[in-house]
Each structure stands twice: as C-alpha cells, then as structure tokens.
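Below: one structure, written as structure tokens.
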Amino acid sequence: MKIVILDGYTLNPEDLDWSIFDNMGEVICYERTSPEDILARSKDADIIYTNKTPLNKEILENCPNLKFIGVLATGYDVVDLVTAKKQKIAVCNVPGYGTQTVSQYAIALLLEVCHHIGYHNKQVKNKEWSKNKDWCFWDYPMIELAGKTMGIIGFGNIGKATANIASALGMNIVYYDEYASAVEGSTSLSLDDLLSTSDVIALHCPLTKTTHELINKETLAKMKDSAILINNARGKLINEGDLAMALQNGQLYAAALDVTYEEPIADDNPLLKCENCLITPHISWATKEARSRIMETSLTNLQDFLEGKAINRVV
Ligand SMILES: NC(=O)C1=CN([C@@H]2O[C@H](COP(=O)(O)OP(=O)(O)OC[C@H]3O[C@@H](n4cnc5c(N)ncnc54)[C@H](O)[C@@H]3O)[C@@H](O)[C@H]2O)C=CC1
Ligand SMILES: O=C(O)C(=O)CO
C-alpha cells in the first residue's frame, strides 16, 4: 500500500516521528508539494495525507488507486468532497485536536489588540521607557473586556472553548451557528443581531460555500465602529478588500487575523497596509501538543478505515 504525505513539514518540522506509520505500508513523505507536482506525486497512491495541499477534481479523477485521504487538520476545505464522494474515496479529518490550543490563540489575538504587549515590549527595548518623562506610558488605548459582548460565529468545539475563556474574563457570550442546537448559558442570536450588538466578533466556523466571504461590506456595515474582529478559522471567510476599507475608514476598531485569503499572504494584500490589523502566519494550531494529536489521530483514522469503521469520516 503506497502512502503519500504531500506536505508533512508544517505538522512535523522534525520534532515528531512519522515512523508510527511505518507498518502501514510504503510511506513517502514530502515536506511540501508545489501545485505542478501534486498529480505526479499522487497518481499511484492508495492513501494520501494532506494538510493544505489542495486535492481538486482533476487530481482526484486521475488517482485510480486512491481509497483514502487523511486531512492532517480539522478544516477539510482543501479537498473537493463532491468528486471524492463520486470516486468513492473516503476522506477523514482530525476534529478536536486543537480545541484548547486554537481557542487560546483566539484570545491571545484579542488580548494583543487590547494591550499591544508585543509593541510595548519593543518600545521598552528601544529605550522609549528609560527616556520617558513619566513612570509609565502607553501608545494605544488599553481595553478592558469584562462586561463587553463576545459574538462567536460557529459555536462548535473551538467556538465553545473560546466562549469559556472569554466568559472567565467577564464577557457576555452570544453566538450564531447555522446548525448547532441551543447551548445552556449562552445566547443564540441571528447573524444580524450578533453583528450589531457584539464588541468582539470571533469567527470559528468552517469555510464552506455559505461562509465564503461571510464578512464583507454589508456585514461589516452592521458591526459597531468600536468592534474588534478576530479570525483564526479560515482567511476566505473575509473579503479582505472590504475589511481593509472598513479598518481604514474607522468603521471597525481593529482586526486580528491568523489566516488570510492566500497563504502565505500575498505581498499586495491590502490588510498589510492597515495599522489596526494584526496578522500572524497561521500558527493558531501549531503547539507541539496539538500537532502530536493530529499525527496520532491521522494514523488511527487510517487503521479504522482499513477495519471498515467510519470514524472522523467527512465523506
Ligand atoms: N487557524 C488554525 O490553525 C485552525 C483553524 N481551524 C478552523 O476552525 C474551524 C472550526 O473548528 P471546530 O470548532 O473544531 O469545528 P466544529 O465543527 O466543532 O465547529 C464548527 C461550527 O461551525 C458551525 N457552522 C457551520 N456552518 C456555519 C455557518 N454557515 N454559519 C455559522 N456556523 C456554522 C457548525 O455548526 C459547528 O458548530 C475549522 O473548520 C477550521 O477551518 C481549526 C483548527 C486550526
Ligand atoms: O486544523 C486546521 O484546520 C488548520 O488550519 C491547521 O492545519
């Protein structure tokens, strides 16, 4: 059985061990795969693992032996599920590996907007404090979160974990989820009501046809001009041109993003010019604890599939 890992490096930059897959078959692990090489590397595979390397219709229709795709992530928007289903290829993801890590990061992004700790540390190292006339100074308003409203779009594993931390900070939690049933202790709102009443809006829904560019000029116009937008789900949830405009016009206070429309970010991304937009390079998931869980579950997903069990199957 030929097992091809198309982009192993980000999951395992040599601090984990792929050898746990060794007795499953012949394992070929590529650190990364460019778009031109995807087909050549995939076409004889029985099993493919991908994190962010896209597997589109053309690729899936030209892999005659392919039986199983393991997505080394929770979000599985890189796979064309319609074609996978048609070709009878099983697709599994890894739900829940990063619930704590990713929600912790969402709050870290929010706290950075509230306090600009990285910036003030740099100012101190640049001797701006030692030269200062007063015993303290700040270059951005400090923001207290207690009593403010956190609106969460997508109230699944990560959304609920973010809500728990935000609640411990004294925030009121509201959420919008197209599918989740009512959750005790939290208030479900329509999308419009969430947008207009939240002080902080955190995106924790998957990227689908419905959520693609969910944040756009119409939805941004419904937000408070003091609102903070947090996105560590998927970049394509946001129309970045519209967001840049809202941030520059003072229609939104700030955004903090760990994901962008194109990754790595394009040099001409308009958000790079927005001073009130923090951007980090898709690292919310990257604790070693969380990555170890991805690796272990990805193996058990394959073992379960071979034993005829449908665990973590998205198709
Ligand atoms: N930046 C990163 O490193 C990471 C990002 N993610 C992203 O976070 C997303 C959420 O992960 P989990 O909470 O673990 O998934 P989950 O499946 O537990 O929760 C997603 C929630 O979104 C809801 N949802 C689906 N469509 C919606 C819509 N149109 N409007 C509102 N809500 C909708 C679902 O009903 C579900 O409750 C993943 O799909 C992935 O894209 C996940 C892990 C790491
Ligand atoms: O798990 C996910 O969905 C991520 O984006 C990290 O790879």
Side-chain angles (χ1 to χ4, degrees), residues 74-75 77 102-103 105-107 109-111 113-114 141 143-167 169-261 270-271 274 276-279 284:
T74 298
D77 45 277
V102 180
S103 56
Y105 198 89
I107 298 294
L109 288 171
L110 175 58
L111 293 177
V113 174
C114 293
I143 299 171
E144 182 176 274
L145 292 168
K148 296 203 167 64
T149 297
M150 158 80 87
I152 296 182
I153 300 182
F155 211 52
N157 290 325
I158 300 169
K160 285 181 191 136
T162 299
N164 284 339
I165 311 173
S167 222
L169 293 170
M171 299 189 79
N172 309 313
I173 310 300
V174 298
Y175 69 92
Y176 165 71
D177 191 304
E178 204 156 311
Y179 307 101
S181 42
V183 178
E184 218 185 289
S186 310
T187 308
S188 166
L189 292 184
S190 68
L191 181 59
D192 280 1
D193 286 347
L194 180 145
L195 295 173
S196 62
T197 56
S198 298
D199 300 297
V200 177
I201 295 171
L203 306 183
H204 289 305
C205 56
L207 173 65
T208 62
K209 277 196 186 124
T210 324
T211 59
H212 185 261
E213 298 193 12
L214 179 75
I215 303 302
N216 55 47
K217 59 174 177 305
E218 283 81 31
T219 47
L220 286 160
K222 292 175 183 157
M223 296 179 194
K224 295 182 181 182
D225 57 13
S226 56
I228 297 168
L229 176 67
I230 305 294
N231 182 18
N232 63 344
R234 283 291 180 269
K236 289 188 172 113
L237 298 176
I238 296 180
N239 178 312
E240 293 176 334
D242 291 353
L243 176 60
M245 198 94 83
L247 288 166
Q248 278 155 356
N249 294 342
Q251 209 188 323
L252 190 69
Y253 178 72
L257 316 172
D258 181 50
V259 285
T260 53
Y261 206 95
L271 295 168
C274 296
N276 49 351
C277 185
L278 292 175
I279 309 174
S284 293

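One is the number of the first residue; the rest follow in order along the sequence.
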| request: Could you verify whether a donor N or O on one side chain and an acceptor N or O on the other, from Asn216 and Thr219, lie under 3.5 Å apart? | output: yes
Is any side-chain heavy atom of [X] closer than 4.5 Å to a side-chain heavy atom of [Y]?
| X | Y | answer |
| --- | --- | --- |
| Thr74 | Ile158 | no |
| Val102 | Asp258 | no |
| Met223 | Ile215 | yes |
| Ile238 | Leu229 | yes |

Donor-acceptor under 3.5 Å ([X] side chain, [Y] main chain):
| X | Y | answer |
| --- | --- | --- |
| Asn276 | Tyr253 | yes |
| Thr211 | Leu237 | no |
| Asn231 | Arg234 | yes |
| Asn239 | Lys217 | no |
| Asp77 | Leu207 | no |

| message | Going by the rule ring-ring contact (aromatic ring centres under 6.0 Å, His included), which residues pair with Phe155 if we only count those two or more places apart in sequence or in a different chain? | response | Tyr175
Once rounded to the nearest 0.5 Å, what's the spacing between atom [atom1] of [X] and atom [atom2] of [Y]?
| X | Y | atom1 | atom2 | answer |
| --- | --- | --- | --- | --- |
| Ile153 | His204 | CD1 | NE2 | 10.0 Å |
| Asn164 | Ile173 | CG | CD1 | 8.0 Å |
| Cys205 | Asp177 | SG | CG | 8.5 Å |
| Met245 | Leu247 | CE | CG | 11.0 Å |
| Lys224 | Ile201 | NZ | CD1 | 9.5 Å |
| Ser167 | Leu145 | OG | CG | 12.0 Å |

| message | For Met150 and Ile107: C-alpha separation, side-chain torsions, deciding distance, then whether side-chain contact (heavy atoms from CB on, under 4.5 Å) applies. | response | CA-CA 11 Å; Met150 158 80 87; Ile107 298 294; 4.1 Å; yes
[X] to [Y] - nearest heavy-atom pair and separation:
| X | Y | result |
| --- | --- | --- |
| Ala106 | Asn232 | N-ND2, 3.5 Å |
| Leu243 | Ala255 | CD2-CB, 4.2 Å |
| Ala227 | Ser198 | CB-O, 4.0 Å |
| Tyr261 | Glu240 | N-OE2, 2.8 Å |
| Asn172 | Gly147 | ND2-O, 3.3 Å |
| Val113 | Ala254 | CG1-CB, 3.7 Å |

| request: Test Leu257 against every option in Leu278, Leu109, Ile230, Leu271 by the side-chain contact (heavy atoms from CB on, under 4.5 Å) rule and name the one that passes. | output: Leu271
| query | Could you walk me through whether Leu110 and Thr162 pass the side-chain contact (heavy atoms from CB on, under 4.5 Å) check? | reply | CA-CA 11 Å; Leu110 175 58; Thr162 299; over 6 Å; no
Tabulate below the donor-acceptor pairs under 3.5 Å that side-chain atoms of residues 178-190 make, not counting sequence neighbours, or state none.
{"unit_1": "Glu178", "atom_1": "OE1", "unit_2": "Tyr176", "atom_2": "OH", "d": "3.1"}
{"unit_1": "Ser190", "atom_1": "OG", "unit_2": "Asp193", "atom_2": "N", "d": "3.1"}
{"unit_1": "Ser190", "atom_1": "OG", "unit_2": "Asp193", "atom_2": "OD2", "d": "3.4"}

| Going through the distances and angles, do Lys148 and Val200 end up as a side-chain contact (heavy atoms from CB on, under 4.5 Å)? | CA-CA 8 Å; Lys148 296 203 167 64; Val200 177; 5.7 Å; no
